[in-house]
Number of protein chains: 2
Amino acid sequence: MKVRVFVSLKNGVLDPQGRAIHHAIEGLGIHGVEDVRAGKMIELEVDASVTDAQLEEMASKLLTNTVIENYRIERVQP
Amino acid sequence: MKVRVFVSLKNGVLDPQGRAIHHAIEGLGIHGVEDVRAGKMIELEVDASVTDAQLEEMASKLLTNTVIENYRIERVQP
């Protein structure tokens, strides 16, 4: 089963990577973009033995800096 | 309207970040994970003037190295 973990910066945390992307988009001549936030996506292939609690543990201990980031776990139905 | 662009490595491209995460997950004592791939997620807040063609242009020219990465664009319904 495929699982995706999405990690994004919390509101209020400065995002220089997002700002750089926003600036570059305007350099393309596209002016309808109001905000850009950069985050991470981690795709895991797991077997049936992996529990929701283990996924939470991976996401919170390894994949996310919970001081400045939020995460969301999505199980992709096969 | 919110738009998310997901960028992931193409199949066959080595992913040292994903391997490091996989190794760390096993270090937590979780052994049911078969594969890990690390990717990016970019969240954009756009107004109604931004067309699908412009989103494609941003994704392919700025956000993705199309030699080694794929992208997927998702418009989030408000």
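All chains are named by letter (A, B, ...) in the order of the sequence lines, taking the proteins before the strands, and each is independently numbered beginning at 1. Computed from a predicted structure; not experimentally measured.
- For chain B, the option among A/Leu28, A/Val5, A/Leu63 with the highest count of heavy-atom pairs below 4.5 Å is A/Leu28.
- No other option in A/Ala24, A/Gly18, A/Ser49, A/Ala38 has as many heavy-atom pairs under 4.5 Å with chain B as A/Ala24.
- Of the two parts of A/Lys61, only the side chain, counted from C-beta on, holds a non-hydrogen atom closer than 4.5 Å to a non-hydrogen atom of chain B.
- Placement of A/Val46 and B/Ile21 within a single hydrophobic cluster is found when ILVMFWY residues are connected by side-chain heavy-atom separations under 4.5 Å, directly or transitively.
- In this structure, B/Ile30 and A/Glu57 approach most closely via the heavy-atom pair CD1-OE1, 3.9 Å.
- Only the side chain of B/Leu62 has a heavy atom closer than 4.5 Å to any heavy atom of chain A.
- Screening A/Val3, A/Leu55, A/Leu44, A/Asp47 for a side-chain contact (heavy atoms from CB on, under 4.5 Å) with B/Val33, the sole residue that qualifies is A/Leu44.
- In this structure, A/Lys40 NZ and B/Met41 CE are separated by 10.0 Å, a value rounded to the nearest 0.5 Å.
- For A/Val36, the parts lying near chain B are the backbone and the side chain together; criterion is any non-hydrogen pair under 4.5 Å.
- Side-chain heavy atoms closer than 4.5 Å link hydrophobic residues (I, L, V, M, F, W, Y) into clusters, and following such links, possibly through other members, connects B/Val13 to B/Val67.
- Tracing side-chain contacts under 4.5 Å through hydrophobic residues (I, L, V, M, F, W, Y), one reaches A/Tyr71 starting from A/Ile42; they form part of the same cluster.
- Summarising the local packing, CZ of A/Arg19 is surrounded by 12 or fewer heavy atoms from other residues, nucleotides or ligands at distances under 6.0 Å.
- Atom-to-atom distance recorded for A/Met58:CE and B/His22:NE2 is 9.0 Å, nearest 0.5 angstrom.
- Contact annotation for B/Val7: only backbone heavy atoms (N, CA, C, O) come within less than 4.5 Å of a heavy atom of chain A.
- Counted within 6.0 Å of CD on A/Gln17, heavy atoms from surrounding residues, nucleotides or ligands total 12 or fewer; the atom is thus considered open.
- Hydrophobic clustering keeps B/Leu14 apart from B/Ile68 (ILVMFWY residues linked when any side-chain heavy atoms are closer than 4.5 Å, directly or through intermediates).
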